[in-house]
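Notes to accompany the following structure.
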Amino acid sequence: MVRIAIACLFCLLTAITQSTAAAAALEREEILQALKEGRFSDLESRLNELQIDFETDTTQDRPLMEAVWEIANLSGTPEIDAAFDRWIEQAPQSYVARLARGAYYVGRGLDARGTKWSSETSARQFEEMRRHFKTARADLEASLPLSAKPMASYYELIVMAMRSGKDKEIEAHYRSTIAFVPRAIEMRVLYLDNLQPRWGGSFKEMEAYVEKSAKILGEGKDLNRLRALVVAERAHVAREADNYPEAQTRYGEAIALHDHSYYRCMRAGISAHMKRFDSAAEDLDMALFMAKTSDTCGDQI
């Protein structure tokens, strides 16, 4: 019975991921169609609109970043490569065109590298990642002087630096961004993510950063989102040590601070290990309800 229940749990988990992926695919399909049909002005108009909205209110950075993430999640093909090249040829001084192609090649680099530990990743995979990152970096760096607030470009540059172990670049790009968008929460979440112990940081560094951010953000949902990430990392450490009761408690604390489908999914898995199937089902149900286009149970915030 336990095995059946666990199997059912993971069926539900898969359903959440598939449901979310389907919702996201609609948006990606529109981007793909526009690229394939050469309707670059349509993409440019929409991305410019999001960029302008962000520049008008820099606390509203998520809509812009969600669009960038969708582009970064496109499946790389020679056809799409060529479409991006044609777009740049038509609009070489367009900020959003450079940002879009840069994000696309960041995604291609991440796909080439894969998600396994370095020891389980081939030299060829790393070389392919570096090749795509080189293309991405050229576009993203070229985009910087084309916008007064190129936050999304710096975000993608930091993602590459994180995957390449270039701490000085991470710090430099972060400092450049915070200088003109001090309250941009997506950038702060990304930076805090890099301070996690699993990536070589520490809880001391994470907590110090949250305390420093509090002076800028003040109390509220954005600061609680950062606090939740610290608590969730403690849950991760407990889970890795097979300390399921503590992990469950910690994820509960994270949910109280920032209720997110990822935390719900993680707590559901822990509940399954503890044979608390009613609790697991409740969390999975809520995660399915909460899931958005760029959020899946397998993604970190």
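Counting begins at 1 with the first residue of the sequence. These numbers come from a predicted model, not from an experiment.
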Using the test side chain to side chain donor-acceptor pair (under 3.5 Å), find all partners of [X] that sit at least two apart in sequence or belong to another chain.
| X | result |
| --- | --- |
| Asp242 | Tyr244 |
| Gln93 | none |
| Asp53 | none |
| Arg124 | none |

| said: Restricting to side-chain contact (heavy atoms from CB on, under 4.5 Å), what partner residues turn up for Glu127, sequence neighbours left out? | reply: Arg130
Sequence neighbours excluded, every pair satisfying salt bridge (Lys or Arg N to Asp or Glu O under 4.0 Å) that has a member inside [range]:
| range | value |
| --- | --- |
| residues 110-121 | none |
| residues 208-224 | Glu219-Arg227 |
| residues 135-158 | Arg98-Asp139, Arg101-Asp139 |

| message | Using only atom types and a distance under 3.5 Å, with no angle test, would you say the side chain of Asn194 pairs donor to acceptor with the backbone of Ile170? | response | no
| said: Going by salt bridge (charged side-chain N to carboxylate O under 4.0 Å, His left out), name the residues that satisfy it together with Arg46, two or more places apart in sequence or in a different chain. | reply: Glu49
| said: Suppose we screen for salt bridge (charged side-chain N to carboxylate O under 4.0 Å, His left out). Which residues come up paired with Glu240, at least two apart in sequence or across chains? | reply: none
| note | By ring pair (Phe, Tyr, Trp, His ring centres under 6.0 Å), Tyr95 pairs with (sequence neighbours left out) none
| query | Can you name the residues that form a ring pair (Phe, Tyr, Trp, His ring centres under 6.0 Å) with Tyr104, not counting sequence neighbours? | reply | Phe84
Side-chain donor-acceptor contact under 3.5 Å, [X] with [Y]:
| X | Y | answer |
| --- | --- | --- |
| Arg39 | Gln33 | no |
| Ser41 | Glu44 | no |
| Glu282 | Ser279 | no |
| Ser213 | Arg188 | yes |

| message | If I take atom CG from residue Leu74 and atom CD from residue Glu29, how far apart are they, to the nearest 0.5 angstrom? | response | 10.0 Å
| query | Hey, does Phe54 have a side-chain heavy atom less than 4.5 Å from the side chain of Gln60? | reply | no
| query | Is the Lys NZ or Arg CZ of Arg86 less than 6.0 Å from the centre of Phe40's six-membered ring, within 45° of the axis? | reply | no
